[in-house]
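Down below is the structure, laid out as structure tokens.
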Amino acid sequence: MHTQTTAPPPPHTSTPPRRGGRPATPPGVAARVVDAVKTYGSGPTAVHALAGVSLDVPAGRFLAVMGPSGSGKSTLMHCLAGLDTLTSGHVLIGDADLGALREKQLTRLRRDRIGFVFQAFNLIPTLTARENIELPARLAGHRPDEAWFRQVVDTVGLANRLGHRPSELSGGQQQRVAVARALATRPELIFADEPTGNLDSRTGTEILSFLREAVEALGQTIVMVTHDPVAATFAHDAVILADGRIVDHVPAPTVDSVLDRLKALGD
Amino acid sequence: MRKVTLSNLRAHKRRLVSTFAAVALGVAFLVGVLVQTATLQTGFDKLFDTESASVDAVVRSDRTLSDQMDDTIRPRIDGGLVDRVRALPGVADAQADVRGKATIIGKDGDALGGFGPPTLAMTWIDDPALNPYRIASGRAPTGPDEVAIDATSADKGDLALGDTATILTPDPVQATIVGLAHFGDQDSQAGVTATIFSPSGAQAHLAGGAGTVDRILVDAEPGTSQATLVHEIERVAPKDTQVITGEAFRLENRDAVDDVMGFLRPALLSFAVIALLVAAFSIYNTFAIIVAQRTREAAMLRAIGATRGQTLRAVLVEALLVGLLASAAGVGIGIGVAALLGKVLSSGGLSVGNGLELVPATLLGSIALGTVVTALCALGPAVRASRVTPMAALRETAVDRTGATFGRLALGGLLSAAAVGLVLHGTTSESMASAAGGVGAAVVALAVLGPAFAGPVGRFLGFPLRLRGVTGDLARQNAVRNPRRTSSSSTALMIGVAVVALFTVIGASLRSSLDHTINTSFGGDLVATAGTGDATFDPSIARSIADLPQVSGAAGFGDAPMRIDGKDELVGVSDPKQVAKVLDLGVTDGRIEDMTGASLAVSTKEAEDNGWKVGSKVPYQFLDGTKGDATVRAIFANTDFAPDLLADTTFTQGHGAPVEDFMVAVALKPGVSLEQGRSAVEDAVKSVPTIDVQDKQEFADAIGAQVNQILVLVYGMLALSIVIALIGIANTLSLSTFERTRELGLLRAIGQGRSQTRAMVRWESVVIAVFGTALGLATGIVGAWALVRSAGGGELSQFAIPVGQLTVVLALGALAGVGAALRPAARAAKLDPLQAIATA
Ligand SMILES: Nc1ncnc2c1ncn2[C@@H]1O[C@H](COP(=O)(O)OP(=O)(O)O)[C@@H](O)[C@H]1O
Ligand SMILES: [Mg+2]
């Protein structure tokens with residue numbers, strides 16, 4: 001069984017092996033999307049949620065995926081994370097071509113190599129904050145790495161909330177637990193879908209700072225879906241989706257630059 | 001609102017399937033029992049009417065005693081009366097009927113019948129008006145050693161026309177089978193094993209050649225009324241006889257049927273009631289969950305203007321519709337159940353051979369009952385739904401963690417106190433009714449208090465799941481996250497298991513009491529029993545065993561109906577010279593050996609009740625009218641084996657009722673091995689092939705086997721209740737997993753494998769099932785203890801817990817949990833994580 005008890009090698013120095021002649025992501029790229037198409041339905045009513053997306057997710061960086069509602073952001077993220085399958089095209093994470101993986105292997109990949117932060121309902125209500133954070137490791141049958149656990153918990157500032165259940169935590173605290181959970185297994189990639197969508201702006205800013213901190217201090221790779229230009233400013237890069245295609249790329253996004261590009265879509 | 005209800009019904013089809021199943025199965029069992037018992041009742045009535053359809057008057061003795069079954073027995077009367085009656089004006093025919101017991105030995109040497117329907121000997125009467133039997137093949141018996149037997153028995157015993165068979169009356173008679181008889185248009189009279197002797201044979205073998213008859217059956221000339229006929233006969237009938245009309249005779253027979261049904265019907269009905277009760281819990285639970293899940297919907301409806309009454313009605317109408325449809329289906333299934341029950345009963349020898357008796361009132365009543373039960377079970381949840389405020393639509397619905405409200409605790413406390421009080425009263429004052437009431441109260445108390453301890457107990461029971469890692473942990477948390485739901489779905493199982501455990505423990509206690517009795521009170525080494533059911537043998541057998549050189553003592557035991565001090569009693573009879581050699585009676589005063597002639601030995605209890613001492617004179621009367629005073633010669637304390645009244649066999653013989661033994665207890669001389677003794681005794685009883693010679697252990701085992709047979713029947717009757725309970729658990733799980741869709745999706749997204757999801761649901765189910773089973777076991781064990789302790793010794797002197805059997809029940813409970821989880825777990829594992837997340 002593939003297990004990952006130590007931190008992955010720094011993204012830039014890793015050279016994923018080629019297997020079975022299939023492509024693997026080049027060094028410095030945590031995930032690669034090649035000609036991704038996702039079509040719902042068929043015939044005249046078909047919806048092309050992804051209409052040919054190609055994208056490299058650079059390792060060790062914070063990438064924002066932006067775009068208007070219905071542009072395919074969530075679909076892209078779900079396909080990247082192995083929660084959904086493409087109609088055509090490829091998603092590569094390290095040496096793994098997700099389309100070639102079976103259900104069991106996909107589940108294992110999500111468990112061991114990917115972390116998630118959703119907009120809401122991130123936590124299991126019957127488990128305490130600590131248990132929620134340790135959940136992926138324990139599902140894998142590992143004993144969580146205590147030193148790392150401490151570091152993560154301290155980073156997100158949860159040390160004195162670990163014994164509480166989700167219903168006893170505020171929305172912001174719940175999201176912090178979710179971020180801690182995503183970090184706890186030191187995954188290759190963390191996906192966050194509108195992680196601040198349900199929070200007030202101050203708490204949202206806090207969460208986004210944690211995410212940025214995780215990238216800067218811990219070397220994580222994060223892909224965040226958001227439609228909030230302010231949120232995007234915490235990312236290193238932003239890509240903009242419209243009608244299932246990547247229409248723009250904004251390095252070091254600011255509120256103004258993002259708003260400009262988004263506005264340009266309307267024209 | 002009606003539209004909402006109907007669309008709800010459609011939308012929640014799957015959730016209502018289990019309610020439907022629970023109602024339908026419960027109703028089906030009820031209908032099955034009602035239809036089958038009605039069928040038996042009419043069948044029996046018809047049979048007994050056939051038996052005496054054209055009989056217009058019956059002449060018999062007016063002296064009666066009650067036997068142990070409270071049946072009336074009468075002495076025979078002088079057969080010379082027959083000719084005088086026949087000569088009377090208005091009499092078309094009068095015939096003597098001599099009856100008795102007869103066991104037919106089949107070709108393989110085994111006795112036919114004996115359990116259930118009786119084995120009867122009767123007299124062939126040529127006049128078809130006075131004889132319900134018809135010769136189907138061969139001819140009527142004429143010679144003293146010729147018989148006709150019923151076709152069913154011939155079939156079972158592999159006996160054919162012309163065969164010579166051994167008939168025990170109880171003395172063995174070698175008789176030639178010259179005819180096979182049908183009872184009316186049936187092969188037999190509801191499974192009665194019938195041996196029909198010729199009039200001369202009946203005189204010789206049944207009446208002992210005394211010229212006496214049991215009754216005279218009279219057929220009237222056309223135009224003579226029964227009343228006139230009776231009047232006419234009464235003029236010639238001697239003092240000790242009674243003349244009744246044929247109609248009165250038929251009514252008497254019907255009463256006898258009612259007695260049988262009076263036992264069978266409540267016994268079967270109680271199992272149907274248990275099934276309905278279990279179903280009620282399942283129904284309640286389903287509606288409670290459905291309503292909880294619809295809180296938002298209900299609140300939304302309230303917000304847009306639905307009144308409380310409308311919300312209430314919406315749920316109730318849904319319940320009524322489901323109840324009605326399910327009950328109707330249940331009636332259909334119930335007719336099948338009735339047919340099945342009929343097969344089971346007829347394989348046990350009870351068959352009446354008429355079609356199912358489908359009384360419209362019964363069927364409609366059952367539909368009404370099922371519908372009402374469903375509606376009542378839905379009432380609580382419906383009221384809760386109607387109390388939902390419009391605000392709830394806007395609020396996030398939190399997990400319902402309520403365990404027990406104050407009202408619940410108070411009610412449960414009161415019930416528990418009542419249960420403890422009744423049980424204590426029952427055990428200290430030996431009142432089984434009080435103990436049983438206490439056990440019932442305890443079951444209700446547990447059901448009421450369930451939510452209070454479902455949390456802690458479930459967590460405790462789920463403790464081993466920690467070993468299964470986080471999956472086990474999650475399962476354990478899920479099992480107790482909604483204590484009220486866990487408790488009500490396991491309560492259904494608890495009730496079924498409690499009854500199973502109760503019977504199992506009582507069965508084991510019976511067995512243990514028996515072993516105890518045999519080991520402490522039985523001083524002998526071997527027991528000779530008559531084998532089948534109510535078979536008996538002549539007391540001379542005991543005497544010939546006692547005469548064997550290997551035997552130090554042999555006491556036969558039988559009973560004789562007597563009137564003692566004005567009360568009808570079945571007095572135990574034996575040989576006083578032998579009794580003390582084989583039984584430890586714990587004589588406190590006098591000597592058993594002193595009993596000669598008109599004398600009695602009585603138990604301390606009987607002596608105390610009546611103020612008798614050694615030397616007291618007690619008035620007695622036999623069936624033939626002989627009376628006098630019997631002297632009390634001994635008082636004994638130990639009634640494990642002996643009845644409360646004991647008399648000398650020779651004192652009671654020849655007084656109208658046959659006095660025979662059903663058992664001989666044998667003590668061997670020192671130095672004689674069990675094997676030597678056994679073969680000697682077997683030799684001595686060779687003439688009666690049905691006699692079994694057993695050592696103590698075999699004797700106990702044989703009785704234990706009968707107890708086990710009854711247990712198997714009981715388990716069979718409870719199976720349906722258990723199935724209903726399991727459907728309930730499966731449904732609770734389905735609904736709970738449905739409720740947790742998002743949570744399951746999240747777990748799958750962050751890496752829970754399908755098999756882990758399955759395991760999680762499965763273990764949750766196991767915790768719920770084990771919770772119910774464990775509570776049931778505890779209730780059953782304590783209940784059995786209360787009943788045993790309140791029984792006041794006798795056949796239930798010992799309390800025994802069959803650990804092995806109960807462990808099996810617990811293991812089966814856990815396994816049933818796995819079974820109940822199959823579908824919900826599969827569905828949970830199949831869940832697409834995306835779909836779950838998308839509902840966010
Ligand atoms: N399960 C589905 N079935 C059909 N259409 C879908 C499904 N999921 C998404 N879509 C469509 O695909 C498009 C992209 O959706 P999504 O990725 O959720 O957009 P975004 O997250 O950017 O709002 C939308 O037009 C949406 O209606
Ligand atoms: Mg989206």
Side-chain angles (χ1 to χ4, degrees), chain A residues 1 38 74-75 77-79 81-85 102-128 131-144 165-168 171 178 181-182 184-185 187 190-191 193-194 197-198, chain B residues 395-401 455 458-459 462 465-483 486 736-737 739-760 763-764 767 829-840:
Chain A
M1 193 170 97
K38 178 73 182 180
S74 294
T75 307
M77 197 201 86
H78 292 153
C79 293
L83 286 167
D84 205 352
T85 51
R102 270 197 291 245
E103 157 64 29
K104 228 184 196 146
Q105 296 164 305
L106 275 177
T107 301
R108 203 173 294 162
L109 176 110
R110 288 201 302 270
R111 188 183 73 197
D112 300 333
R113 296 168 67 180
I114 291 176
F116 288 98
V117 181
F118 299 107
Q119 182 174 351
F121 306 108
N122 260 304
L123 307 178
I124 302 299
T126 50
L127 300 181
T128 61
E131 288 167 335
N132 264 292
I133 296 170
E134 292 177 345
L135 190 54
R138 293 192 54 203
L139 280 171
H142 300 319
R143 184 178 289 279
R165 287 181 207 282
S167 56
E168 298 154 352
R181 183 192 60 210
T185 52
I190 291 177
F191 293 104
D193 191 354
E194 311 267 12
N198 273 12
Chain B
R395 272 200 309 262
E396 189 51 47
T397 43
V399 180
D400 178 11
R401 283 186 181 279
R459 222 165 274 136
L465 286 178
R466 296 222 81 141
L467 301 174
R468 307 221 39 111
V470 70
T471 307
D473 237 14
L474 285 167
R476 179 164 157 241
Q477 297 281 5
N478 283 340
V480 297
R481 71 196 280 179
N482 190 333
T486 301
S736 298
T737 39
E739 216 171 47
R740 295 177 204 147
T741 300
R742 190 143 46 199
E743 195 178 318
L744 289 166
L746 175 66
L747 279 169
R748 297 273 293 118
I750 63 169
Q752 188 177 55
R754 283 208 168 126
S755 59
Q756 284 176 313
T757 307
R758 251 195 309 272
M760 183 178 79
W763 290 119
E764 176 181 353
V767 171
K830 252 191 268 163
L831 194 88
D832 181 358
L834 249 197
Q835 205 184 359
I837 294 163
T839 55

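Computed from a predicted structure; not experimentally measured. Below, read A as the first sequence line, B as the second, and so on, with proteins coming before strands; counting in each chain starts at 1.
- Both the backbone and the side chain of B:Arg748 come within contact range of chain A, each with at least one heavy atom under 4.5 Å from a heavy atom of that chain.
- Residue B:Gln752 touches chain A through both its backbone and its side chain, counting heavy-atom pairs closer than 4.5 Å.
- Shortest non-hydrogen contact noted between A:Phe116 and A:Arg181 is O-NH2, 3.3 Å.
- Using a cut-off of 4.0 Å between Lys/Arg side-chain N and Asp/Glu carboxylate O, B:Glu764 and B:Arg481 are scored as not salt-bridged.
- If you measure heavy-atom distances from A:Leu123 to chain B, the contacts under 4.5 Å come from the backbone alone.
- In this structure, no portion of A:Glu134 lies under 4.5 Å from any heavy atom of chain B.
- Taking each heavy atom of A:Arg111 and A:Ala140 in turn, the nearest pair found is NE-CB, 3.2 Å.
- For A:Ile124, the parts sitting under 4.5 Å from any heavy atom of chain B are the backbone and the side chain alike.
- At least one side-chain heavy atom of B:Asn478 sits less than 4.5 Å from a side-chain heavy atom of B:Arg740.
- Ranked by heavy-atom pairs under 4.5 Å with chain B, the first of A:Leu109, A:Ile114, A:Leu127, A:Thr107 is A:Thr107.
- Using a 4.5 Å heavy-atom cutoff, the side chains of B:Leu474 and B:Leu747 are in contact.
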